[in-house]
Each structure stands twice: as C-alpha cells, then as structure tokens.
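Below is one structure, written out as structure tokens, with a few remarks after it.
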Amino acid sequence: MPEPVQRDCNIHSYRCDKANLRRLKQVTDLRLIGQGRTADIFEYSQGKIIKLYKKDFPAEAINQELVVSGLACSLGIRTPEPFGHTQLDGRDGLIFQRISGVSLLSLFIKKPWTIPKYSKLLANLHAEIHTYEAAELNRRQKQVLCEYIQQAPLLTEQEKEKIIRYTEKLPDGNKLCHGDFHPDNVMFDGGYWIVDWMTGMSGNPAGDAARTVILLSVGSMPDGTPAPIKLFVQFLRNKLKAAYIKEYLRVTGHDYSTIDEWILPAAAARLVEWIPKDEKDELLSIIRARLKTLI
Ligand SMILES: Nc1ncnc2c1ncn2[C@@H]1O[C@H](COP(=O)(O)OP(=O)(O)O)[C@@H](O)[C@H]1O
Ligand SMILES: [Mg+2]
C-alpha cells in the first residue's frame with residue numbers, strides 16, 4: 001500500500017496571490033496545460049495551477065471540490081495541495097499545487113504495455129482512499145445516487161422507483177469515496193497524485209469501486225473510429241478493468257459480489273451525465289438486464 005504523506009493543508013490560511021492577479025487579467029495570459037469536462041487547467045504562478053471552471057459552473061460544486069481536496073490533503077493522501085478560490089475573466093477558479101507529470105490515461109495511450117503495472121497502482125490508490133473515514137462530508141453516497149437516478153433520462157418512472165428502492169437497501173458506509181476515480185484523474189510524475197475531488201463523498205467503498213468498474217466498462221469512441229482501433233481500445237480497456245478489479249479485491253480482501261451489487265445504481269446514476277448516446281444505450285442495456293433479475 002502506498003505510504004501517505006504528512007502535509008499541512010490549511011486552505012484557510014491561503015491568501016490570493018494579489019500581485020499575480022493584477023498581472024493576469026485574462027485567460028489568454030495563461031498557458032493551457034490540461035482540460036477536463038468541467039474545467040480548463042492553466043499554469044498560474046511558480047509551482048501553481050489554476051483550475052478554471054466553465055462559465056456559470058455551480059459555485060456549490062466548486063466549493064465542494066475545495067473542501068474535499070483539503071480533507072484528502074490533510075489526511076495525507078497524495079493530492080495537489082489546494083490554495084483557495086479566485087476569479088478570472090468572470091470565471092471561478094481554484095488554485096492548486098502544480099504536478100509536472102502526466103495523467104495515467106495519457107500514459108496508457110502512449111505506452112499501452114504499462115497498463116498491467118499501472119492498473120495495479122490504480123487499484124492500490126483507490127483502496128488506500130477507502131481506508132479513511134469521511135463522515136464529516138455532507139455528500140452521502142446513497143443520497144447522491146438516488147438523486148441522480150431520480151433525474152436520469154431514458155428510464156421510466158417505474159424503473160427509477162425500482163432502482164431507488166434497491167439502492168436504499170444496500171449497505172451504508174462512511175469512508176472517503178472519490179466519486180469519479182479513473183485513469184484521467186490520477187497523475188504520475190514518478191510518484192502519483194489523485195486529482196478532481198469535486199464528486200467526493202462519504203459512503204461504501206464498494207459503491208465507489210462499482211463506479212470505476214462502470215467507467216472502465218462503458219465508453220464510446222468518436223464516430224468514424226476505424227473498427228480495428230475500436231477493437232484494440234476495447235481490448236486494452238478490458239485488460240485495465242480486469243487488472244484493476246483483481247488487485248482491488250486482493251488488497252481489500254473483498255469478494256466481487258460486494259462491488260457487483262452496486263453496478264445497477266452506479267450505471268443508472270451515470271445516465272444524468274453529459275455522455276454520448278451510444279454510451280447511454282450501453283448503460284441502459286446493463287440496467288435493464290439487471291432489473292430483470294430483481295424480484
Ligand atoms: N494540479 C495539477 N497540476 C497539473 N495538471 C493538472 C492538475 N490538476 C489537473 N491537471 C490536469 O488537468 C486535467 C483535468 O483536470 P481535472 O481536475 O480532472 O478537471 P475536470 O474536473 O474537468 O475533469 C487532468 O486530467 C490533468 O491532466
Ligand atoms: Mg477529471
């Protein structure tokens with residue numbers, strides 16, 4: 001298991017780098033170094049980046065990311081230290097310690113032969129996160145899942161009701177869950193760093209692992225991707241998923257059935273996200289196959 005690092009992550013003691021803000025009046029002054037679905041990542045100042053959210057991104061979610069990142073950091077989990085909130089060009093931003101490495105996803109794309117090694121690392125990091133208690137977090141896994149399922153498009157009211165009733169009966173937990181743990185949210189620079197804690201919550205680790213299994217199982221490729229490439233990517237993704245599951249179960253001593261029972265709500269909740277139609281259809285077939293087995 002990787003060793004936790006002890007750091008003082010007091011985000012409240014941070015003062016915005018005012019001199020820097022005076023100099024940097026607009027986004028075009030900054031160099032883009034990363035992009036995700038919610039935000040663009042820019043170089044900010046020596047050793048720091050700014051995660052600049054899309055315009056009108058909900059403030060509550062940004063604050064959530066600051067709070068959970070601060071908690072993870074203070075627990076000794078290897079995550080970029082959060083320094084605080086600021087605004088640039090009318091967009092909200094959070095300032096973090098800069099990591100000079102690359103994401104595990106880009107490493108997998110460039111060097112697919114590293115997949116067996118780093119998928120084990122992925123599983124170990126996830127299992128380590130799950131050793132920490134996080135009862136203080138407001139977001140509770142089952143509550144979050146049920147809210148999303150309630151809003152999920154493409155499901156009938158009756159299907160939603162059935163899945164919510166099923167979810168409510170699943171075993172509760174109060175461990176730290178990342179909520180979106182996948183290879184693009186882990187960076188590697190010789191050491192490893194877990195980023196993107198916006199979806200962090202307290203809950204049952206098996207539910208968090210089920211979300212990862214869904215993310216590693218279902219994913220569409222852009223239209224026009226040649227069939228051999230699609231097959232190759234699918235092959236690599238299956239390898240990654242199998243190695244992640246095997247190692248996660250080995251380290252935690254759990255049985256796959258504990259993760260499997262969370263697949264239904266994890267798949268249904270994902271329907272609320274901005275994902276391509278093909279991916280939603282794939283999720284729907286997983287959901288409907290499982291619904292058939294419920295009494
Ligand atoms: N502290 C950081 N230092 C350097 N690069 C980062 C840092 N945080 C994120 N990145 C890069 O930016 C990408 C997107 O960041 P992330 O926080 O995951 O945003 P999103 O919520 O939009 O997915 C990451 O996959 C990573 O490549
Ligand atoms: Mg991300």
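Here, residue 1 is the first one in the sequence, and each next residue gets the next number. Both ligands and their constituent atoms are indexed starting at 1 by order of listing. Treat the numbers as computed from the prediction; the structure is a model and nothing was measured.
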I'd like the residue list for ligand 1, meaning every protein residue with a non-hydrogen atom under 4.0 Å from the ligand.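 Contacting ligand 1 under 4.0 Å are G34, Q35, G36, R37, T38, A39, I41, I49, K51, P80, Q97, R98, I99, D184, N185, M187, V195, D196.
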Would you please indicate if the ring centroids of H130 and F181 are separated by under 6.0 Å?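 Centroid separation for H130 and F181: 6.0 Å or greater.
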Taking salt bridge (Lys or Arg N to Asp or Glu O under 4.0 Å) as the cut-off, I'd like each qualifying pair that reaches into residues 148-159, sequence neighbours left out, listed once.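 The answer is E157-K160, E159-R288.
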Check the hydrophobic clustering (I, L, V, M, F, W, Y; side-chain heavy atoms under 4.5 Å; chains of links allowed) and say if [X] and [Y] are grouped together.
X: I263; Y: V272; value: no
X: I245; Y: F108; value: yes
X: V102; Y: V186; value: yes

Residue pairs fulfilling side chain to side chain donor-acceptor pair (under 3.5 Å) with at least one residue in residues 59-68, sequence neighbours excluded: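 Found K51-E65, Y53-E65.
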Please tell me whether S202 and N174 have a donor and an acceptor in their side chains that are separated by less than 3.5 angstrom.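 Note: S202 and N174 side chains miss the donor-acceptor criterion.
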Using distance alone, with no hydrogens and no angle criterion, decide if H178 and D208 have a side-chain donor and acceptor under 3.5 Å apart.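 There is no such pair between these side chains.
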Within 45° of the ring axis of F57 and under 6.0 Å from its six-membered ring centre, is that where the NZ or CZ of R91 lies?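 No, cation not above the ring by the 6.0 Å, 45° rule.
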Which N, O or S atoms belonging to the protein are less than 2.8 Å from the Mg ion (ligand 2)?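 Result, waters dropped: N185 OD1, D196 OD2.
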